[in-house]
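I have placed the structure first, in the form of structure tokens, so that the comments after it can refer back to it.
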Amino acid sequence: MASKTAAAVVDFTRIYASLGLGKETIAALQAFRKRHGEAQRAQTTYSSQPTTVDFAHYRSVLKNKAVVDEAEKLLKDFKPVSYDVSEHIKAIEAFEAKAVAKAKETEEKIDVELKELQATLANIEEARPFQDLTVMDIGEAHPRIIETVETMMKKGKWSVPGYKEKFGDLNLM
């Protein structure tokens, strides 16, 4: 009884979102939950019905006692058919293996991304403030800038191409 109340309290939507499950996995879980709920309702319905047959009542009501005797004999001789569920079990195990593999793959991706984010965060925390940076610091970080400036100085160019077009000419003379 406690499991029914626990299942009613669980917020599956929040769980799906927090675990970051894929659309296929969520759809399969929802379909499974639906089938499980239907099976529970059917079991509850059928378990409340009587399972014995009162043949004495039918003998007293019906004129043809042979029909009741035959029905009683058929009921006594009835043996339920057993089904081979190994194929279903194999399918469930295959689905389970696939789900576990996807979960591990997702876990690995998240671990890699988490490490990258932690490294980025460490870089941000260790970085000097912008106002403390020097031109040489920027040049060391991006050597291409120093090369470009040196090339421009050798050629005698003292203006940056496209600067005037973008920001206008600030000369007052």
Side-chain angles (χ1 to χ4, degrees), residues 1-133 137-138 140-142 144 166:
M1 193 66 158
S3 65
K4 287 183 182 179
T5 57
V9 175
V10 173
D11 183 10
F12 284 100
T13 308
R14 197 182 85 201
I15 291 172
Y16 298 151
S18 67
L19 292 176
L21 299 176
K23 291 179 182 179
E24 296 172 5
T25 308
I26 292 173
L29 285 171
Q30 287 174 337
F32 177 78
R33 286 185 49 232
K34 180 181 176 188
R35 287 193 313 269
H36 179 260
E38 291 170 356
Q40 279 185 322
R41 282 190 290 282
Q43 190 273 336
T44 304
T45 302
Y46 293 129
S47 66
S48 65
Q49 296 178 355
T51 58
T52 59
V53 179
D54 185 11
F55 288 105
H57 170 73
Y58 288 112
R59 282 192 184 92
S60 66
V61 174
L62 296 174
K63 293 179 184 177
N64 190 352
K65 312 277 187 245
V67 170
V68 177
D69 292 337
E70 186 178 338
E72 187 175 13
K73 179 181 177 264
L74 285 172
L75 186 62
K76 286 180 182 177
D77 293 343
F78 176 75
K79 295 209 167 83
V81 178
S82 61
Y83 290 99
D84 182 22
V85 293
S86 62
E87 291 181 28
H88 295 289
I89 291 173
K90 286 179 185 176
I92 291 170
E93 288 173 350
F95 174 77
E96 184 180 273
K98 184 178 176 184
V100 168
K102 275 196 166 194
K104 286 182 180 178
E105 179 181 318
T106 303
E107 179 186 19
E108 290 172 2
K109 286 180 183 177
I110 290 173
D111 286 342
V112 167
E113 187 174 336
L114 188 59
K115 286 178 184 175
E116 290 173 358
L117 289 173
Q118 286 174 341
T120 303
L121 182 61
N123 283 341
I124 291 170
E125 290 173 348
E126 294 171 1
R128 287 187 290 180
F130 183 75
Q131 59 269 17
D132 293 346
L133 290 178
D137 293 334
I138 294 171
E140 288 174 7
H142 297 287
R144 196 172 131 239
K166 188 170 185 177

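The side-chain contact (heavy atoms from CB on, under 4.5 Å) check on Pro80 picks up Phe78, with sequence neighbours excluded. Shown here are the side-chain contact (heavy atoms from CB on, under 4.5 Å) partners of Arg14, two or more places apart in sequence or in another chain: Asp11. Take Glu38 and apply the salt bridge (Lys or Arg N to Asp or Glu O under 4.0 Å) test, not counting sequence neighbours, and it matches no residue. Take Asp84 and apply the salt bridge (Lys or Arg N to Asp or Glu O under 4.0 Å) test, not counting sequence neighbours, and it matches no residue. In this structure, the salt bridge (Lys or Arg N to Asp or Glu O under 4.0 Å) partners of Arg128, at least two apart in sequence or on a different chain, are Asp137. Applying the side-chain contact (heavy atoms from CB on, under 4.5 Å) rule to Ile92 yields no partners; only residues at least two apart in sequence or on another chain are considered. Shown here are the side-chain contact (heavy atoms from CB on, under 4.5 Å) partners of Phe95, two or more places apart in sequence or in another chain: Ala28.
With values rounded to the nearest 0.5 angstrom, Leu114 atom CG is found 10.5 Å from Leu121 atom CG. The CD1 atom of Ile15 lies 11.5 Å from the CD1 atom of Ile26; values are rounded to the nearest 0.5 Å.
A 4.5 Å side-chain heavy-atom check between Tyr58 and Val67 finds every atom pair outside the cut-off. Between Leu29 and Leu21, some side-chain heavy-atom pair lies under the 4.5 Å cut-off. Under the 4.5 Å side-chain criterion, counting only non-hydrogen atoms from C-beta, Tyr16 is in contact with Gln30.
Legend: salt bridge (charged side-chain N to carboxylate O under 4.0 Å, His left out) pairs involving residues 15-24, not counting sequence neighbours, sorted by first then second residue: Glu24-Lys102. For residues 111-127, no pair satisfies side chain to side chain donor-acceptor pair (under 3.5 Å), with sequence neighbours left out. Listed by first then second residue, pairs satisfying salt bridge (charged side-chain N to carboxylate O under 4.0 Å, His left out) with a partner in residues 61-71 read Arg59-Asp69, not counting sequence neighbours. Identified under the salt bridge (charged side-chain N to carboxylate O under 4.0 Å, His left out) test for residues 87-96, with sequence neighbours left out: none.
Within 6.0 Å of the CZ atom in Phe32, the count of heavy atoms belonging to other residues, nucleotides or ligands does not exceed 12.
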(message) salt bridge (charged side-chain N to carboxylate O under 4.0 Å, His left out), that's the test. Do Lys109 and Glu105 meet it? Break it down for me.
(response) CA-CA 6 Å; Lys109 286 180 183 177; Glu105 179 181 318; 3.5 Å; yes

